[in-house]
**Student:** 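Dumping the structure here so I can ask a few things about it.
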2 protein chains.
Amino acid sequence: MSEFPEIETGGYAPPVSKAESAPLEFEVDRSSPVPLYYQLAQQLEGAIEHGRLAPGSLLGNEIELAGRLGLSRPTVRQAIQSLVDKGLLVRRRGVGTQVVHSQVKRPLELSSLFDDLQAAGQSPATQVLRNETEPATAQVAAALGIAEGSDVVVLQRLRFTHGEPMAHMCNYLPPGLIPLDNAKLESTGLYRMMRAAGITLHSARQSVGARCATEAEGELLAEEPGAALLTMSRTTYDDTGRAVEYGTHIYRASRYAFEFQLLVRA
Amino acid sequence: MSEFPEIETGGYAPPVSKAESAPLEFEVDRSSPVPLYYQLAQQLEGAIEHGRLAPGSLLGNEIELAGRLGLSRPTVRQAIQSLVDKGLLVRRRGVGTQVVHSQVKRPLELSSLFDDLQAAGQSPATQVLRNETEPATAQVAAALGIAEGSDVVVLQRLRFTHGEPMAHMCNYLPPGLIPLDNAKLESTGLYRMMRAAGITLHSARQSVGARCATEAEGELLAEEPGAALLTMSRTTYDDTGRAVEYGTHIYRASRYAFEFQLLVRA
DNA sequence: GAGTGGTCTAGACCACCTA
DNA sequence: AGGTGGTCTAGACCACTCC
């Protein structure tokens, strides 16, 4: 497999390359507006990504690293901590800081279907079926945390890849949150429009299920009635905890599966 | 304005109760082995959960808070930061730290189906169908990051709630990771056994899809052939980045849906 | 015992927001 | 202009791990 003998022992004994052969050079630019800890974190992350810091290797203690860089220990710790939070490093008291035994690639973030597809080179397209304001039903009101009967924007879209239908999406948004121009909606994703409007997305609560397609759903998505569909409902919150979107979507299970990463919270 | 009008305006203007009427008392115990920042974080979290700190209310600036508690500012910051990471607080430069506009409940963590069901009062039960060692297929080896053909433990279980089958689970584990006693497996969940063995779970990469049940699957899960099934494959990693489990599971869509929360990574 | 990360302090200056 | 969080420093002592 790999060139370095990462493998050993059935148990767990951590094989540690004690002397990092090449101490690796890092440098910070004190005239830059970029925080020092962030500069260091980026350089460390780059070194890990590019394999200059091998998985399992020790980082060298914080105090010495701080001295070598001309930084204080708390600053170095802040850089290291940010990478620990990202899952790239592990700290062990009395042992040291090592590069994680890799395997875990970059965690998926909260992304829109549109971005996912585009990133996968799937050339997504959108058709807006509906874009209007109506009173919120009890379910929608509860999801968005607004009063039942108050106005919400209802959005219904069909998502295509390579000219084939792939998902039917129904979204509800608080009125006036962002301008919902049909042309814009057909050329980009909802999340991207929100971010562009200065909304900082923070988290989303999702529920994923499955069911068999009804006749109408089959027609809409070019599937036989009875075909498996993936269903998803999601409420998205911004960084102030305000619900900015609630959606119920259905996907053709034959063409789509959710990929995501869950993190254990301390 | 009035004193605590938390509600207002259709737009977004944050209505802030400038003077927190009752400054709220916090206290730390310096003789406790619990870190000071952690004590403070817990008290703040409790105050938020119990509504003593209203959503949207300001926390008071860090320096004053530090003074009132007899702590240094970095310590107070560490406490606050941990709650910001949890999504309970938002910091705004030049404004202050406020309690998130709630709505977001506690984020779901990486949990086992067993724990989920038990928490929901569903009295889960498990039947072990298979528990043996065999050579890893290419797919399993890739997921676990081990050599193809090397030994892995294969586990097949059926999960019941209220005496009804609910899911069929097939797991692969590195050999010798933990003792896999059948009796233990039938009385608890796999993750709980791992945690008890000192393994710190860190993250899991999942893929969720759907398909229609085959005849055999229908029989196993007491569904008609063609019924919608939810499929999930998951690789779980510990805090060193080592894959500790790979599983492919199928669930009766009529009885189960995944609930989870995604966070936006900075 | 030596070395590591974990915690904590008491200051400092800066950038940003509100007004 | 005043107040807030964001960053940074130069120390200190402790708890844990390993030899």
Side-chain angles (χ1 to χ4, degrees), chain A residues 12-20 28-42 57-85 89-99 198 200 239-240 266, chain B residues 1 12-20 28-42 44 57-85 89-99 198 200 239-240 266:
Chain A
Y12 75 128
V16 167
S17 50
K18 195 69 177 184
E20 325 93 68
V28 293
D29 173 7
R30 300 197 86 101
S31 70
S32 161
V34 177
L36 301 179
Y37 79 91
Y38 193 79
Q39 292 184 39
L40 175 56
Q42 283 200 314
S57 64
L58 279 180
L59 211 60
N61 78 61
E62 300 171 346
I63 297 172
E64 182 247 356
L65 189 54
R68 221 166 59 210
L69 288 164
L71 297 174
S72 69
R73 186 183 169 206
T75 301
V76 170
R77 271 185 70 80
Q78 192 174 2
I80 292 177
Q81 187 59 47
S82 72
L83 297 185
V84 171
D85 292 341
L89 296 176
V90 204
R91 288 209 250 229
R92 294 178 193 282
R93 226 204 294 237
V95 178
T97 304
Q98 357 181 356
V99 179
T200 305
D239 59 355
T240 71
Chain B
M1 288 196 156
Y12 78 127
V16 166
S17 51
K18 197 69 177 185
E20 325 93 66
V28 293
D29 173 8
R30 300 198 87 102
S31 70
S32 161
V34 178
L36 301 179
Y37 79 90
Y38 194 79
Q39 292 184 39
L40 175 55
Q42 283 200 315
L44 284 170
S57 65
L58 281 179
L59 211 61
N61 76 61
E62 298 171 348
I63 296 172
E64 180 247 355
L65 189 54
R68 222 166 60 211
L69 288 164
L71 298 174
S72 69
R73 187 185 168 205
T75 301
V76 171
R77 272 185 70 80
Q78 194 175 0
I80 292 177
Q81 186 58 48
S82 71
L83 297 186
V84 170
D85 291 342
L89 297 175
V90 202
R91 287 210 250 230
R92 294 177 194 284
R93 229 204 294 237
V95 177
T97 303
Q98 25 185 330
V99 179
T200 306
D239 60 354
T240 71

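In what follows, chains carry the letters A, B, and so on, assigned in the order in which the sequence lines appear, proteins first and then strands, with residues in each chain numbered from 1.
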**Student:** Looking only at side-chain N and O atoms, does A/Asn61 come under 4.0 Å of OP1 or OP2 in C/dT4?
**Tutor:**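 For A/Asn61, the contact criterion (side-chain N or O under 4.0 Å from OP1 or OP2 of C/dT4) is met.
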**Student:** Taking only the side-chain heavy atoms of B/Gln78 (C-beta and beyond), determine which of D/dT9, C/dT7, C/dT9 contains the nearest atom.
**Tutor:** C/dT7
**Student:** To the nearest Å, give me how far apart CD (B/Gln81) and P (D/dG6) are.
**Tutor:** 7 Å
**Student:** Would you kindly give the CD-to-C1' distance between A/Gln98 and D/dT17, to the nearest whole Å?
**Tutor:**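 My rounded result for the distance is 13 Å.
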**Student:** Are the side chains of B/Leu71 and B/Arg30 in contact, using a 4.5 Å heavy-atom criterion?
**Tutor:**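 In contact.
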**Student:** Look up atom CD1 in B/Ile63 and atom OG in B/Ser72, then write down how far apart they are to the nearest 0.5 Å.
**Tutor:**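 Between B/Ile63 CD1 and B/Ser72 OG, I get 11.5 Å after rounding to 0.5 Å.
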**Student:** When the distance from CG of B/Leu89 to P of D/dG5 is rounded to whole Å, what number comes out?
**Tutor:** 11 Å
**Student:** Could you tell me how far apart A/Arg77 (CZ) and C/dG6 (P) are, to the nearest whole angstrom?
**Tutor:**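 Atom-to-atom, A/Arg77 to C/dG6, this comes out as 5 Å.
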**Student:** Answer yes or no: is there a side-chain heavy-atom contact under 4.5 Å between A/Thr97 and A/Leu58?
**Tutor:** no
**Student:** Of all the nucleotides listed (D/dG6, C/dG5, D/dT17), which has the minimum atom distance to the side chain of A/Val95?
**Tutor:**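 So the nucleotide nearest the side chain must be D/dT17.
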**Student:** Which heavy atom of A/Gln98 sits nearest to which heavy atom of A/Val95, and what is that distance?
**Tutor:**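 Closest approach of A/Gln98 to A/Val95, heavy atoms only: NE2-CG1, 4.2 Å.
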**Student:** If you fit an axis to the five pairs at each end of the helix from C/dG1-D/dC18 to C/dT18-D/dA1, how big is the angle between those two axes, to 10 degrees?
**Tutor:**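 For the helix from C/dG1-D/dC18 to C/dT18-D/dA1, the axes at opposite ends meet at about 20°.
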**Student:** Taking only side-chain nitrogens and oxygens of A/Thr75, does any of them come within less than 4.0 Å of OP1 or OP2 of D/dT9?
**Tutor:**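 For A/Thr75, the contact criterion (side-chain N or O under 4.0 Å from OP1 or OP2 of D/dT9) is met.
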**Student:** Look at B/Arg91 and D/dT7 and indicate whether a side-chain polar atom (N or O) is within less than 4.0 Å of OP1 or OP2.
**Tutor:** no
**Student:** Counting distance only, does the side-chain N/O of A/Gln39 pair as donor-acceptor with the main-chain N or O of A/Asp29 below 3.5 Å?
**Tutor:** yes
**Student:** Taking the side chain as every heavy atom from C-beta outward, state whether B/Leu59 and B/Leu44 have any pair of such atoms under 4.5 Å apart.
**Tutor:** yes
**Student:** With DNA chain D as reference, determine whether B/Gly94 or A/Arg30 sits nearer its 5' end, using the nearest nucleotide of each.
**Tutor:**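 With B/Gly94 and A/Arg30 compared, the 5'-side residue is B/Gly94.
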**Student:** Rounded to whole Å, how long is the line connecting atom CD1 of B/Ile63 with atom C1' of D/dG6?
**Tutor:**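 Rounding to the nearest Å, CD1 of B/Ile63 and C1' of D/dG6 are 11 Å apart.
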**Student:** Please state how far atom CD in B/Glu62 lies from atom P in C/dC8, giving the value in whole angstrom units.
**Tutor:**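 Answer to the nearest Å: 16 Å.
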**Student:** Take atom CG of A/Leu58 and atom C1' of C/dG3, then tell me their distance rounded to the nearest Å.
**Tutor:**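 A/Leu58 atom CG is separated from C/dG3 atom C1' by 12 Å.
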**Student:** Any heavy-atom pair between the side chains of A/Val84 and A/Val90 that's under 4.5 Å?
**Tutor:**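 A side-chain contact under 4.5 Å is absent here.
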**Student:** Go through the steps for B/Glu64 and B/Leu69 under the test side chain to side chain contact (heavy atoms under 4.5 Å, CB included), then give the verdict.
**Tutor:** CA-CA 9 Å; B/Glu64 180 247 355; B/Leu69 288 164; over 6 Å; no
**Student:** Quick test: give all pairs of protein nitrogen or oxygen and nucleotides 11-14 of chain C nitrogen or oxygen below 3.5 Å, distance rounded to 0.1 Å.
**Tutor:**
unit_1, atom_1, unit_2, atom_2, d
C/dA12, N6, B/Arg73, NH1, 3.1

**Student:** What are the two closest heavy atoms between A/Ala41 and A/Ser82, and how far apart are they?
**Tutor:**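 That closest heavy-atom pairing would be CB-OG, 3.5 Å.
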**Student:** Is any side-chain heavy atom of A/Val76 closer than 4.5 Å to a side-chain heavy atom of A/Arg73?
**Tutor:**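 No; the side chains remain at least 4.5 Å from each other.
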**Student:** Of all of residues 32-39 of chain A, which get a heavy atom below 4.0 angstrom from DNA chain D, listed by number?
**Tutor:**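 The stretch gives A/Pro35, A/Leu36, A/Tyr37 as the residues lying under 4.0 Å from the strand, ordered by number.
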**Student:** Would you say the side chain of A/Glu62 lies within less than 4.5 Å of the side chain of A/Ile80, judging by non-hydrogen atoms?
**Tutor:**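 Touching, per the 4.5 Å side-chain cut-off.
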**Student:** Rounded to whole Å, please give me the gap between CG in B/Leu40 and C1' in C/dC8.
**Tutor:** 14 Å
**Student:** Start with the C-alpha distance between B/Arg91 and B/Gln81, add both sets of side-chain angles, then the distance that settles side chain to side chain donor-acceptor pair (under 3.5 Å), and finish with yes or no.
**Tutor:** CA-CA 9 Å; B/Arg91 287 210 250 230; B/Gln81 186 58 48; 2.5 Å; yes
